[in-house]
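What follows is one structure encoded as C-alpha cells, with my remarks underneath.
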Amino acid sequence: VVPSAPAKSVPAYQKNLHKKGTLTVGLEGTYSPYSYRDKSGKLTGFEVDLSKAVAKKLGLKVKFTQTKFDSLVAGLDSRKYDVVYNNMGKTKERTKKYTFAKPYIYTKTVMITKTGSDIKTAADLKGKKSAQSASSNFGQAAKKAGTNVVSVPGFAEAIDLVNSGKADVTLNSQDSWGVYKKAHPETKLKAKVTKTLDNTSSSPMLNKKDKALAKKITKAQKQLAKDGTLSDLSEKYFDSDLTKKP
Amino acid sequence: MFEFIATYAPQLIVAGIKYTIPLSLVSFVVAVVIAATVAVLRSYVPHATGLGKLGWQILKLILWFYVWIFRSTPMLVQLFVVFYGLPKLGISWLSPSGWIAAVWVLSLNTGAYASEAIRASISSIPDTQREAAAALGMTDRQIFMRIILPQATRISIPTLANSFISLVKDTSLASVVTIVEMFYLSQQLAAVNFEPLKMYLLVAVIYALFVTILSIPQRYIQRWADRFVKDQR
Amino acid sequence: MFEFIATYAPQLIVAGIKYTIPLSLVSFVVAVVIAATVAVLRSYVPHATGLGKLGWQILKLILWFYVWIFRSTPMLVQLFVVFYGLPKLGISWLSPSGWIAAVWVLSLNTGAYASEAIRASISSIPDTQREAAAALGMTDRQIFMRIILPQATRISIPTLANSFISLVKDTSLASVVTIVEMFYLSQQLAAVNFEPLKMYLLVAVIYALFVTILSIPQRYIQRWADRFVKDQR
Amino acid sequence: MLKLEHIDKNYAEHHALKDINVTFNPQETTVIVGPSGSGKSTLLRSLNLLEHPDSGKYTIDDRTIDLSEPVTTDTLLWVRRKTGMVFQQPRMFDHLTIMGNMIEAPVHVLKQSKSDATKHAHELLSAVGLDDMANRYPYQLSGGQTQRVAIARAMAMAPDYLLLDEPTSALDPELEAQVLRVLNNLAQENQSMIIVTHNMDFARHAADRMLFLEDGEIDFDGTPDEFFNKPTARIHRFLNAFKFDQDEH
Amino acid sequence: MLKLEHIDKNYAEHHALKDINVTFNPQETTVIVGPSGSGKSTLLRSLNLLEHPDSGKYTIDDRTIDLSEPVTTDTLLWVRRKTGMVFQQPRMFDHLTIMGNMIEAPVHVLKQSKSDATKHAHELLSAVGLDDMANRYPYQLSGGQTQRVAIARAMAMAPDYLLLDEPTSALDPELEAQVLRVLNNLAQENQSMIIVTHNMDFARHAADRMLFLEDGEIDFDGTPDEFFNKPTARIHRFLNAFKFDQDEH
Ligand SMILES: Nc1ncnc2c1ncn2[C@@H]1O[C@H](COP(=O)(O)OP(=O)(O)OP(=O)(O)O)[C@@H](O)[C@H]1O
Ligand SMILES: Nc1ncnc2c1ncn2[C@@H]1O[C@H](COP(=O)(O)OP(=O)(O)OP(=O)(O)O)[C@@H](O)[C@H]1O
Ligand SMILES: [Mg+2]
Ligand SMILES: [Mg+2]
C-alpha cells in the first residue's frame, strides 16, 4: 500500500497530470519486447509492465496512449501524456527540451549481418549500406560510423532488407535482436556486439516543467530496483538482467 | 498461413469497425457538405455591387485560402498542428480528443479536394441550363440548388467515390493523434511477429473488403443519377 | 526561429528538389497516360461480336481489376509488396531500385484514381457530340480522341490537379522503399532535435511552396481549355 | 410597356444591336422578323436581361433601368418575373420529367402549391397536345414535342410579357396552327407577346404589329397590313425570296 | 438505292416505327413530312444507323443488312460514309472553330489534305453565306448561322445520300431560298437527298417525291403533284391546317 497523499490536497507533482489521478503513459507499441501487442492483441512488454509498477508506487491509475514516435515527442509538449516510456535515450540536445528520469535499462548495440559478411568490427562499417529507421538512435550511430543509411520504417523491415541483400547491415539493440532470434531460430543472420558504438540507456521522458514528477518516478524506479521487480521484469522479457548500469 | 489469418484478422477487423469505418463515414458526410458548399460558393458569379461585392470578394478569398492550405500541405502535418500545435496556442477546444481532431482534419482535407471535383462537375453543366432557369425568374440560389447541382451530382459521383476511398485509407493517419486504428495496429503486430509483408497484405485485404462493401451504394446511386440520360448502349 | 529555418530549410529543399519534385513529375506524366488510356477503354462501348466481344470483356475485367486493386488498398502496402514482396517471389526486375518501385506504384495508384475522374468527365460530354461525329463516319477511336477527349479535358483539369497535388504529397511514402525524401528527412531531423512540430510546419511550408509553383501552369491550361466556352461572367 | 432607348450591344466580334429605340405596348402581339444574324435573338434576350446591353435605357412599366450600370439582383428577378422566355433552341431541365419542368418555377418562384401547379400544367400540356408525356424525361421527346413543352413551360409562369424566339420552328403546319390558336387565345386575354419568327404565315396571323430587323437596326415598325401589303422594296424582296429565287431558275 | 423492309423500332414508351417498307431511289430528292412525333427523325436516324431498329432489313446499293442482328463496325462505318446527316438540332463540335468543324471529317475520315479540305470548306461556307465566320467558335453564332454550318459540314463529306432533318427550320425566307438553291444545285448534280421538313413551300420546291408519315406508318408515297394537288382528305387537312384553323375563329 502506498503512503498516499491526503484526500483533499493534491500533491504538487500530480498537479499537471493530463488526467486527474492517472499516469498517462505515451508509447509506440511497436517495439518488442519493450512495448508491443501479444498475439491476442493485448498491449504488453517490459515498458508497459514497468510503467504500471511505477504508477502503482505513485498511487496513480495508469493509462496508455499509443502513437507514433514524432507524436510522442510533440504530445509531451502539449501534455497529451505525462511520461513517455519508449526506449528514449538521454542526449544533450534532448535534455535541453525535456526532463528525464533515471535510466531503467542499459543495452548494447549489435551489428546484424548475413553469416559470412565481411563486417567484423565497427571499422568495417564505413561505406556499407545499413538499413535503419529514423526514430532510433541507431540511425544516428550508423551514420556516424560512415555507413550509407537506407531508411526503413522499423526493425522488421530492416531485417528484411539485410536478408534480401538490399542492405549489408543494420544496427540495433542486443535485446531486439534476441527477440528476433528467438522467433526465428533458423535465421541465417548473425549479430555482433560492437563496443565502439555507445552503449545506450533508456529513460522515462517528461515535459520540461515536470521536474517534480520526474523525481517521483526516479524514486519509484529505485524502489522497484531495490525490491527486485525491475530485475524480474528484465528476466521475463530479455532472459537477462539489463537494468544494472554496466 | 491459416493460423496467421485466424490470429490477426479478427483483431484488425475489430479495429477497422471501431475506428476506420466510423471515422471514414462521419468525415465523409462532413466533407461532402463542406465541399458542396465551397464549390457552389466558389462557382457562383455574384451579382452584387458596392459593399456586397466586397463581402463576396473577401469570402471568395477565404474559400480560396482554405482550399489552398488544405490541399497544399500534408495531412499528417495538419493533424499534427490541430492536435499538438493549436493547444499550445491555447486553442484546445478544436481537439479535445484525437477522435475529434481526426474528424476535423479528415473532413476539411477531403472537403478541400472534393470541392474542386464538384466545381469541375458544375462547370460541365452547359450554361444554357442556367439561362433557362434564370429566364424563369429563379434566384441564383435556386438555380444552383435545383438545376445545376442535381445535374452536376451525376457527373461528380465517380470523383466523390475517389475521395471517399482515399478517405478510408487516410484514416490510417489517425494514429498520429493517438488513435490505434487498423493500420497502426497492423504495424504494432508486425513489430512482434517480424512478418510485416504478410501483415500488410492482410490489412490490405481487409481495406479492400471495407472499400468494396462501402462502395456498393455507389452503383445504385449512379444508376439513379443516370435516370435522365439516354442509355449509353 | 530564424536559425532553425536557416539550419533545416536548405537540406529539406535540396531533398525536395532531388526526390519529391522529380518523383511527382515523372509519376504524374505516367499516371495521366495510364489514366486516359484506362478511362477511354473503360468508357468505350465496343461494337464487336463473337471473339472480339469476349476479348473486350476480358480486357474490361482486367481494367476493372486494376482500378479496384489500386484504389482499394493502401499505397504503402502497394509499395511494400512491389519492393519487398515481389522480389521474394523472384520478380525483382520491377523494382531494381526504390526509385523505380516508387515511380511504378505512384503512377499506377494515381492512374487508377485519375482514370475514374477522367471517366466522369467523359460522361459529362453530351451524347449528341458522339452522334454528330459518328454520323460523319468517324471511327470510335477518332470520336474519342478528337471529339470527346478534347472536351472532357476541360472538365477534368481541376480533378487532375487534385490528383497531382495528392501525388506530390504521396511521394513521402517513398521512404518505405528507402528513399530519404523530404518528409522522411524532416522526420529524421526531428528525431534528433526533438522539435517535430516546428519541423513539420517547416516541411509543410516547403510543400505548399512546391505545390503552388507546380500548379501555376494549371491556370493557363484551364484558360486555354475554356477558349470555346462562353465567358462565365 | 417595355421601352428600349439607345440600346447597344457589342460582342467581341460583332456589333449585334445598334442604337435600338423601340416600345412594346402591353396587350399587343409584336412579331419580329429579319434575316438570320440580324440580332433578333439578342434583342429578345436583352428584354429578359439574359444579355446585358453595353448601354441604353430599359423601361418596364414605370421603372427605368440604366443599362450602362450594373443591375441589382432585385431588379433582375423583377424583370424576369415580368417577362417569360422561350428560347430558340429548346432548353429542358434534363434531370426533371416533363411535369417536373413544368412545375419547377411555378412552385419555387411563384410559390404555388404543388397540386395547383400540377393541375395547371396538365391543362397547358393538353393545350399543346402532350398531356400523356408528363412523366417522360426530355431525352424521350421528339424535336417538336420538346418545343411545345418549352412554350407550355413559359406560359405556366403567366408573365406579363411573353417572349417567344421562333416558337414553332420545329412544328408541322397542323401543330403550328394549334400553337397559334393557343397564343391567340392568350392574346385575347390581353397577354402581351413578342414573337420572333421566320414563318410569314404565322406572323401574318399572329401580329398586331410588325418589326423588321436588319443588321442590328430596326428597318420597319408598323402594322402587319403595311408590312405584308405595302412593303418597302427591301421587305418585298425578303417576303418573296422564294418566289423570286425559284423563278430565276 | 436505300431500301427498308419491315423496319420496326420500339422505344421503352413508344412504338416509333411500325413495319416500314420504303425504297429511296438514287438521284432523287425525297421529302418526308408528317405530324410532330410521327417518327420522321427516327426514320432518318435509322437510315444512318444512329438508331438501331429492332428488326427488318436495310439494303444499301447491293448490300443487305439484317437489322435483327448486331451490325459490324465495318458495315457501320460504310453506311455512315454513304449517308450524311444534318440533325434536327444543330450539333457543332463545341471545341472546334467553324473551320475546324468543317474540315474535321474530310481530313480524318476522307483523308483529304488539310489545304484541300480548307479550300472546299471555304466554298461551302460561302454558298451558305458564312465565309467570314470561319474562325469563330460555335457559341458565337446565331441559331440560323449554326444551322447553315451544319448543312455545309454534311455537304463537305459528299455522301451518296444526304439526310437532312428540318434543315431550314431556323432560317428566314431569304436564306431558306438560298439553301434551297444550294440543295437544288446538288440535286442537279444527281445528289440523292432525303429531307424532313414541315415547310410546305420548301417541300414543294425541293421534292421529286413525297412521303407522309403518321404515327410510325407511311400514309402516303407519291409525287409532289399528287400530294399537293390531289391530296387525300387527311393530307388536305394537314396542308390547310392554318387556313381551316383560322377560319374557325
Ligand atoms: N457570343 C457571340 N460572340 C460574337 N458574336 C455573336 C455572339 N452571339 C451572337 N453573335 C452574333 O450576333 C449576331 C446576332 O445574333 P442573334 O442570335 O441575335 O441573331 P438572330 O437575328 O437571332 O439570327 P437567327 O435568325 O439566325 O437566329 C449574329 O451575327 C451572331 O453571329
Ligand atoms: N428515347 C425515347 N424514348 C421514348 N420515346 C421516344 C424516344 N425518342 C423518341 N421517342 C418518341 O418517338 C416518337 C417519334 O419521334 P421522332 O423524333 O422520330 O418524331 P418526329 O417525327 O421527328 O417529330 P418532330 O417533328 O417533332 O421532330 C415520338 O412520339 C417521341 O416521343
Ligand atoms: Mg436567333
Ligand atoms: Mg424530328
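Quantities reported herein were computed from a predicted structural model and do not represent experimental measurements. Per chain, numbering begins at 1; letters A, B, ... match sequence-line order. The figures here come from the full heavy-atom set of this structure, side chains too, leaving out hydrogens, waters and symmetry mates.
- For Arg71(C), the parts sitting under 4.5 Å from any heavy atom of chain B are the backbone and the side chain alike.
- Summarising the local packing, CZ of Arg227(C) is surrounded by more than 12 heavy atoms from other residues, nucleotides or ligands at distances under 6.0 Å.
- Across all their heavy atoms, Lys169(B) and Thr73(C) have their closest contact at NZ-O, 3.0 Å.
- Here the shortest heavy-atom pairing between Gly85(B) and Leu197(C) reads CA-CD2, 3.5 Å.
- Here the shortest heavy-atom pairing between Pro158(B) and Glu116(C) reads CB-O, 3.8 Å.
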Worked verdict on Leu201(C) versus Phe80(B) for side-chain contact (heavy atoms from CB on, under 4.5 Å): CA-CA 9 Å; Leu201(C) 278 174; Phe80(B) 230 82; over 6 Å; no
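- Proximity to chain C is limited to the side chain of Leu76(B), based on heavy atoms less than 4.5 angstrom apart.
- Neither the backbone nor the side chain of Lys198(B) comes within less than 4.5 Å of any heavy atom of chain C.
- Val81(C) places none of its side-chain heavy atoms less than 4.5 Å from the side chain of Tyr200(B).
- Closest approach of Val203(B) to Val77(C), counting heavy atoms only: CG1-CG2, 4.3 Å.
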Residue pair Tyr207(C), Ser72(B): steps toward the side-chain contact (heavy atoms from CB on, under 4.5 Å) verdict: CA-CA 6 Å; Tyr207(C) 270 114; Ser72(B) 66; over 6 Å; no
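- Neither the backbone nor the side chain of Pro126(B) comes within less than 4.5 Å of any heavy atom in chain C.
- Sparse packing is recorded around CH2 of Trp224(C), with 12 or fewer heavy atoms of other residues, nucleotides or ligands lying under 6.0 Å away.
- Heavy-atom distances place the backbone of Phe70(C), and not its side chain, under 4.5 Å from chain B.
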side-chain contact (heavy atoms from CB on, under 4.5 Å) assessment of Tyr113(C) paired with Ile165(B): CA-CA 9 Å; Tyr113(C) 281 95; Ile165(B) 292 173; 3.5 Å; yes
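- Without hydrogens or angle criteria, Arg154(C) side chain to Ser123(B) main chain gives a donor-acceptor distance under 3.5 Å.
- Heavy-atom distances place no part of Phe210(C) under 4.5 Å from chain B, backbone and side chain included.
- Looking at Ser215(B), neither its backbone nor its side chain comes within 4.5 Å of chain C, counting heavy atoms on both sides.
- Residue Ala117(C) comes nearest to Asn162(B) through the heavy atom pair N-ND2, 4.0 Å, listed as atom of the first residue, atom of the second, then distance.
- A 6.0 Å sphere centred on NZ of Lys60(C) holds more than 12 heavy atoms belonging to other residues, nucleotides or ligands.
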